[in-house]
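This report concerns only the one structure given below.
Heavy-atom basis, side chains included; hydrogens, waters and symmetry copies ignored. Note that the structure is a prediction, hence the values are computed from the model and not measured.
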Amino acid sequence: MEKTSRQQHLETQLPPNSRSFSFSSMRIKKRSHSNEEGGFTRQRGLMSFSSVRETSRKESVQDEASQLHCTEDQENETAAIPSGEDDAGRPGALKRISAMWSSFRRHKRDGFKDSEPTELPGPEAENSSRQHRYVSGQYFFEYLVVVSLKKTKDGSSYEPQITYQFPKKDGMAKYQKEEEETTLKAITLFCFPEGINWAPLTEYPSETFSFVLTEVDGSRRNGYCRRLLPGGRGARPPEAYCIISTLACFGLFSKILEEVEKRRQISTAMIYPFMQKLREAPFPAPGHTVEIKSFIPESGTEIISLTRPLDSWLEHVNFATLFDCLTDEEVLLVFAAAVLERRIVFIAEELGTLSQIIHAVAALLYPFTWQHTMISIVPEILIDVVMAPTPYLLGVQKHLLDLVTDQTDLLVVDLSDNKKETFIASVGDESSILPPKLKSEILEALGARRKASTVEELNRVVSEAFLLFFVKTVGHFRSYVKHSRGGGPGVFEKRSFYKAIDSKTTRHFVKLFLQTQMFDLFIQEVEQQQPGPQQGIFNKKILEYQEKKKKEKAKKH
């Protein structure tokens with residue numbers, strides 16, 4: 001079988017000691033007493049995954065040379081599972097993904113320089129005080145890049161290349177430069193996940209979407225991308241403006257990208273002054289506003305107000321898209337699968353829809369955090385990630401649907417307007433996972449969202465409906481974390497905890513939920529806390545619920 005051009009472009013060998021680039025959303029910590037009776041039995045640590053695709057699909061990737069390896073970083077634990085190959089001895093899907101990041105580091109320097117970004121007009125280097133401000137996390141963003149589609153050497157297709165970068169980082173050590181090159185290559189992949197099959201266009205509606213880059217050490221960077229058709233006449237390929245930031249606030253960065261697009265329509269040179277002002281501005285506290293002054297020819301000086309949502313834990317989420325695509329009952333089925341950490345694939349054509357839905361589903365799990373693979377938009381070249389046997393939340397464009405549905409034991413959710421059915425594939429028990437009474441209460445609470453007049457109000461109604469579900473199922477957890485008189489970490493009494501639940505259906509659900517990594521990590525953090533009043537919205541809701549129950553009990557007597 002002949003190798004495709006994109007396989008040839010990425011072909012390289014995995015260096016023996018290279019770092020892996022991971023899609024897992026959090027670092028998994030070791031639970032010291034997880035092997036005790038009644039503890040958690042799920043094996044974690046350094047993992048390699050097997051490819052389980054059917055023979056016909058195996059043949060399609062047989063000639064891929066890059067070996068991809070995915071790890072879940074873990075403190076104090078390095079036990080390895082030696083598998084990682086399929087029946088034919090080839091590396092598994094997630095192995096191939098991480099080796100691609102490694103291969104980016106080893107990409108031929110000459111090849112990378114061919115697409116060396118041109119810096120937007122501006123200062124060549126930042127002074128030490130500004131650099132200190134960035135390191136301290138006070139900057140809005142790390143950098144802005146422009147990704148353009150350039151014809152390949154044979155002229156048969158297009159490939160994404162970075163043509164602008166602001167600011168351009170100078171004076172970096174060799175390993176820092178290699179890390180940056182790796183990130184820049186990953187950005188091009190996610191800005192144009194469709195691959196190399198592009199043709200010039202005369203019309204192309206602008207679209208905004210986001211993605212997350214997660215290193216194996218758990219650090220995360222968010223990519224906010226606006227794809228548009230550049231100015232000019234005749235047919236031309238679209239380009240992408242992408243902001244990389246450690247800050248998660250989709251609404252705020254969407255507005256910033258609107259300002260970038262407005263200036264791009266005038267001149268590329270107009271982008272630099274605006275981004276420089278933004279980079280010098282402090283990131284606002286929740287509920288606060290920062291104002292950026294920006295000059296535009298023929299319009300004069302404009303003042304752009306950027307307001308951060310008051311509910312900072314919801315600032316990366318817009319639940320409206322979720323409920324536009326799914327009914328309330330369908331959302332509950334997706335939530336049920338996610339809360340038990342199953343494999344879920346979302347299907348849509350629009351990149352913005354996929355990224356917003358993935359983040360919305362993850363937000364429904366608050367105060368718990370999704371601990372596994374989460375890729376809001378899977379690039380076509382990495383589609384074999386669906387073969388991973390571990391939990392994931394994936395967004396896949398609809399033209400790749402046939403490459404997804406040959407998997408078993410996963411939930412495939414079609415978000416398209418013209419869908420024939422919402423659930424293309426399912427395990428079959430999703431409707432029986434949640435306790436019936438609590439499921440009805442969630443549906444009743446969600447009814448109030450129709451009265452919401454703003455995005456913030458809608459987000460609050462939806463999040464509190466699911467937050468109250470966790471309050472009622474596991475909100476009594478703190479009473480079962482026992483501390484010794486000598487101090488030190490507490491110990492969670494799992495068996496007593498779920499036996500204290502009166503409802504049989506709720507107790508059955510909680511026994512399943514206790515086996516998830518999201519609950520495991522949550523309770524580890526609780527064990528490290530000292531006894532006494534705790535802060536946070538979850539603890540506040542627990543206290544409110546407990547007070548309400550006391551009053552109801554007092555009325556009965």
key: Partner residues of S267 under the side chain to side chain donor-acceptor pair (under 3.5 Å) criterion, sequence neighbours left out   = none

query = Is there side-chain contact between I162 and V146, with heavy atoms separated by less than 4.5 Å?
reply = no

Student check: side-chain heavy atoms of Y241 and C225 closer than 4.5 Å = no

task = Walk me through it: do E302 and K262 pass the test salt bridge (charged side-chain N to carboxylate O under 4.0 Å, His left out)?
result = CA-CA 12 Å; E302 290 188 354; K262 184 195 300 184; 3.6 Å; yes

message = Can you confirm whether S148 sits close enough to Y164 that some side-chain heavy atom of one is under 4.5 Å from a side-chain heavy atom of the other?
response = no

query = Hey, are R263 and E259 close enough for a salt bridge, meaning a charged N less than 4.0 Å from a carboxylate O?
reply = yes

message = Test of understanding: with ring-ring contact (aromatic ring centres under 6.0 Å, His included), list the residues that count as partners of F250, not counting sequence neighbours.
response = none

task = Check for a donor-acceptor pair, side chain of R226 on one end and backbone N or O of I243 on the other, with a separation under 3.5 Å.
result = no

task = Apply the test side-chain contact (heavy atoms from CB on, under 4.5 Å) to residues L326 and V413: give CA-CA distance (whole Å), side-chain angles for both, the deciding distance (0.1 Å), then the verdict.
result = CA-CA 9 Å; L326 303 174; V413 188; 3.9 Å; yes

inquiry  = With a 3.5 Å distance limit and no angle check, can you tell me whether S416 reaches the backbone of N418 through a side-chain donor-acceptor pair?
reply    = no

ask   = Is it the case that more than 12 heavy atoms not belonging to H399 sit under 6.0 Å from its NE2 atom?
value = yes

task = Say whether, by atom type as modelled, one donor and one acceptor occur between the side chain of Y224 and the main chain of S254 under 3.5 angstrom.
result = no

query = Which word best sums up how the rings of F522 and F519 line up, parallel for under 30°, tilted for 30 to 60°, or perpendicular for over 60°?
reply = tilted

inquiry  = My understanding is that only residues two or more places apart in sequence, or in another chain, count here; which of them pass salt bridge (Lys or Arg N to Asp or Glu O under 4.0 Å) with E456?
reply    = none

inquiry  = Among residues at least two apart in sequence or on other chains, which ones pass salt bridge (Lys or Arg N to Asp or Glu O under 4.0 Å) with E315?
reply    = R308

note = Sequence neighbours excluded, the answer for ring-ring contact (aromatic ring centres under 6.0 Å, His included) partners of Y204 is none

inquiry  = Could you check whether R279 makes a cation-pi contact with F141, meaning its NZ or CZ is under 6.0 Å from the centre of the six-membered ring and within 45° of the ring axis?
reply    = yes

message = Under a 3.5 Å distance rule, please check whether S206 uses its side chain to pair with a backbone N or O of L228 as donor and acceptor.
response = no

inquiry  = Could you check whether any side-chain N or O of W198 sits under 3.5 Å from a backbone N or O of L201, counting only pairs where one atom can act as donor and the other as acceptor?
reply    = no

key: Any side-chain heavy-atom pair of I292 and F274 under 4.5 Å   = yes

message = Taking salt bridge (Lys or Arg N to Asp or Glu O under 4.0 Å) as the cut-off, I'd like each qualifying pair that reaches into residues 203-214, sequence neighbours left out, listed once.
response = E207-R227

task = For residues T163 and V145, determine if any side-chain heavy atom of one lies less than 4.5 Å from a side-chain heavy atom of the other.
result = no

task = State, yes or no, whether a side-chain contact exists between S210 and H316 at a heavy-atom distance under 4.5 Å.
result = yes

ask   = Quick one: are I347 and Q397 in side-chain contact, heavy atoms under 4.5 Å?
value = no

key: F466 ring center within less than 6.0 Å of Y366 ring center   = no

query = Are the side chain of N459 and the backbone N or O of F319 linked by a donor-acceptor pair below 3.5 Å?
reply = yes

message = Would you say that more than 12 heavy atoms from the other residues, nucleotides or ligands in this model lie under 6.0 Å from the CG of D417, or not?
response = no

ask   = Roughly how far, to the nearest 0.5 Å, is the OG1 atom of T307 from the CD atom of E291?
value = 8.5 Å

message = Using only atom types and a distance under 3.5 Å, with no angle test, would you say the side chain of N222 pairs donor to acceptor with the backbone of V212?
response = no

key: Pairing of R264 and E261 as salt bridge, 4.0 angstrom limit   = no

ask   = Heavy-atom distance under 4.5 Å between the side chains of L306 and L278, does that happen here?
value = yes

Mutual orientation of the aromatic rings belonging to F209 and F211 [parallel < 30°, tilted 30-60°, perpendicular > 60°] = tilted

query = With a cut-off of 6.0 Å (strictly less than), are more than 12 heavy atoms of other residues, nucleotides or ligands near NZ of K255?
reply = yes

